[in-house]
Amino acid sequence: MSDTQVSEPVTDPAVAASAKLPVADAQAVKAESLRLIRHHRGGLIRVVLLYVGSAAAGLVGPFILGQVVDAVVAGTTSGFIAAMSLLMLGFLVVQAVLRKLAVRAGMIFGETVFAELREDFMAQVTSLPLSTVEKAGTGDLVSRTTNDVDSVSHTVRFGVPQVVVSVVTIIITLAAAILTSPLLSIALLVGVPLLYPATRWYLKRSSAGYKAERESYAVVNGSITETIEGARTVDALGLGGLRRNRIDEALTGSFAAERYTLWLRSVLFPAADTAFWLPVAGVLLWGGWLASVDLVTPGAVATVALFAVRLIDPVDLLIMWTDEIQVGAASLARIIGIKNVPADRTATDVQPSSDDITVSGARYAYRPGHDVLHGVDLQLRRGERLAMVGPSGAGKSTLGRLIAGIHPPTGGSVTVGGVPLVDRPLDALRREVALVTQEHHVFVGSLADNIRLGKADATSTEIEKALDDVGALGWARALPEGLDTEVGSGAYEVTPAQAQEVALARLVLADPHTLVLDEATSLIDPQAARDLERSLSAVLEGRTVVAIAHRLHTAHDADRVAVVENGNITELGSHDELLALGGSYASLWRSWRTE
Ligand SMILES: Nc1ncnc2c1ncn2[C@@H]1O[C@H](COP(=O)(O)OP(=O)(O)OP(=O)(O)O)[C@@H](O)[C@H]1O
């Protein structure tokens, strides 16, 4: 046990840290733990029975030793002592075999429970609403999927079996001591007045302390990953000092949180260490006196004193694991807290009657009470190209995300063939409408696997055709291992333009009837933009397209133009119609032409 002494920190970091994603409360953690235990009851019973057998076999040693002491006091033969020694040896072997089986069963139990927990967690994380993931930032989620999962894994794999073995050993040892001599066993309790309040004091504070510790790791993770992800911006704007300060602040918070829990341990551990040896001394003193007045035999004193020594390890393990289990429980609260994120949609199996997308009375608020769309109506015509124009912050991207089914509207509806987009199962929805942004992530894996994300069962011929459609087959084949080349972070780095073509090839495979383009070509150089536009027009062919236009020539070429102002569509018609109307679009167009 650690005996590091530190002074009480000034602030309780439990109050200082806060999580963005929900954290489950103690009751939910208890309910989830009980559910897991019930679900894996068979495995747990096997572990307990094997440990009971092993602990019982281990107690025979001190009992026989007591018998030998009494026999020696009464006068015995060396044959008796040899027989008893052989018997003890036999039970030691039984104990070792049962213990090995118990450890194995415990490991299997831990791995099975943890596998279920991890699978559930991954399923929940991957189906979190996109808006929640965007709001929460990467740090918290990354910390939950790494630190917290590691900590729960450690607790479930090692902690639960250790707690089981400790509890079983303590109960059986106490029972055996009472059977040997109830009067003598009273001395086993002398450590309790010290151990009980110290443990209680500790447990009252440790849960919040460990929770804050975990949360502070999330803050550290967040500040570091943000700095790495934005390294170019940090460098370009000379934000190094600011970022260093932010990381320093996060580390200071984490240091305070760790210092707090260390302080808790530094109070508990010395108290516990003292409390362990008190019963041994108590049994010897109390037993010595009882034996001197013939109330117990010297053999019984020897047996119970040995039992008192045998209690030290399991009680120590139990306290140590109570400590670790607090850490595990804090992590489990953060893992199952993900379940408390309300779903932003419930899929139904109602089939759309057509490919027509209708927006009626759609409202949207990122924060309750602050609508950024105020009852938008729009009927998309099949196969048309509609350009959305308007001032910055007017709500074009938000409307685009509603039309792509990314966000459910907070009022009104957005439907495909009469069915709300958000009622469609996600995999079906992505074959109907897709959002194309300038963010094109290339995942670690082969190029072919990256394209296959658009359609899981695509054949190699389909993948090659998709690449060919977007004009990317040439460079893809020229890669060191062709389409099997590993790409993504740490592997072959494709250029931003190639990454966009990969994204477009995915779209070709997914084959949605409607596309929402948001700033798809604005960040790359003009030559690359022209190449991409060629690829894009192949992808757009035959589909309904909503383009959020930043350059007015997109609007000029579109079938219809929607002018978005202050969260509403204020003008809707062809380029010529809107020019003739002489409203906002006409003045935008005139000012753009004269620039
Ligand atoms: N994730 C978000 N959280 C909170 N508010 C947001 C978020 N995204 C956008 N907004 C707000 O919603 C409003 C509409 O933004 P939106 O991005 O839809 O406008 P836009 O017309 O696409 O602008 P731009 O052309 O600059 O992209 C703005 O006031 C913006 O500040």
Side-chain angles (χ1 to χ4, degrees), residues 16-21 125-126 128 130-150 213-258 334 366 392-393 397 401 406 435-447 449-450 453 472 475 479-480 485-504 506 518-529 531-532 548 550:
S18 71
K20 285 181 188 166
L21 287 166
V125 168
T126 46
L128 276 177
L130 192 59
S131 53
T132 309
V133 177
E134 286 176 350
K135 263 187 229 146
T138 44
D140 197 3
L141 210 51
V142 168
S143 171
R144 289 185 199 218
T145 43
T146 52
N147 292 346
D148 291 319
V149 166
D150 277 353
E213 202 177 89
R214 294 275 126 197
E215 286 171 2
S216 76
Y217 295 155
V219 179
V220 172
N221 263 344
S223 348
I224 294 176
T225 35
E226 237 177 54
T227 310
I228 295 171
E229 279 169 4
R232 287 205 186 109
T233 316
V234 171
D235 201 32
L237 301 179
L239 301 176
L242 273 177
R243 296 308 304 172
R244 251 194 309 279
N245 287 348
R246 173 75 62 90
I247 293 171
D248 277 351
E249 258 171 48
L251 286 172
T252 310
S254 193
F255 175 73
E258 285 196 349
R334 289 165 50 73
Y366 288 97
S392 177
S397 299
R401 288 164 78 90
I406 306 277
L435 177 73
V436 186
T437 66
Q438 50 197 321
E439 216 180 281
H440 299 303
H441 192 72
V442 175
F443 293 88
V444 175
S446 73
L447 180 70
D449 285 346
N450 261 282
L453 290 173
W475 66 257
L479 291 178
T485 307
E486 287 285 308
V487 290
S489 162
Y492 185 89
E493 287 275 346
V494 297
T495 66
Q498 289 171 336
Q500 286 200 319
E501 288 175 358
V502 167
L504 290 177
R506 275 183 206 140
D518 194 354
E519 310 183 62
T521 59
S522 64
L523 265 194
I524 50 178
D525 65 73
Q527 176 56 42
D531 288 350
L532 186 72
I548 297 167
H550 290 268

Which atom pair, heavy atoms only, marks the closest approach of Ala250 to Val219?
CB-CG1, 3.9 Å

Working note: Leu128 + Leu141, criterion side chain to side chain contact (heavy atoms under 4.5 Å, CB included); need CA distance, chi angles, decisive distance, verdict.
CA-CA 11 Å; Leu128 276 177; Leu141 210 51; 4.0 Å; yes

Do the non-hydrogen side-chain atoms of Tyr217 and Thr146 ever get within less than 4.5 Å of each other?
no

Calculate, to the nearest 0.5 Å, the distance between atoms CD and CG belonging to Gln498 and Leu479 respectively.
7.0 Å

Tell me, do Asn147 and Asn221 make a side-chain contact under 4.5 Å, heavy atoms counted?
yes

Phe255 atom CZ, over 12 foreign heavy atoms within 6.0 Å
no

Atom of Thr225, atom of Gly222 and distance for their closest heavy-atom approach
OG1-O, 3.3 Å

Given 3.5 Å as the limit, does a donor-acceptor pair link the side chain of Asn450 with the main chain of Phe443, or not?
yes

Check Arg334 with Asp140, please: is the shortest side-chain N to carboxylate O separation under 4.0 Å?
yes

Locate the shortest heavy-atom distance separating Ser397 from Asp518; write the atom from each residue and the value.
OG-OD2, 3.2 Å

Which pairs would a plain distance check flag for residues 232-243, meaning a side-chain donor or acceptor within less than 3.5 Å of a matching protein atom at least two apart in sequence or in another chain?
{"unit_1": "Arg243", "atom_1": "NE", "unit_2": "Thr227", "atom_2": "OG1", "d": "3.0"}
{"unit_1": "Arg243", "atom_1": "NH2", "unit_2": "Ser223", "atom_2": "O", "d": "3.3"}
{"unit_1": "Arg243", "atom_1": "NH2", "unit_2": "Glu226", "atom_2": "OE1", "d": "3.1"}
{"unit_1": "Arg243", "atom_1": "NH2", "unit_2": "Thr227", "atom_2": "OG1", "d": "3.2"}

Of all heavy-atom pairs between Arg506 and Leu453, which one has the smallest distance, and what is that distance?
NE-CD1, 3.9 Å

Any side-chain hydrogen bond (donor to acceptor under 3.5 Å, both in side chains) involving residues 245-254? Give me the pairs, sequence neighbours left out, ordered by first then second residue.
Ser216-Ser254

Checking Asp449 now: which residues fulfil salt bridge (charged side-chain N to carboxylate O under 4.0 Å, His left out) with it, not counting sequence neighbours?
Arg452

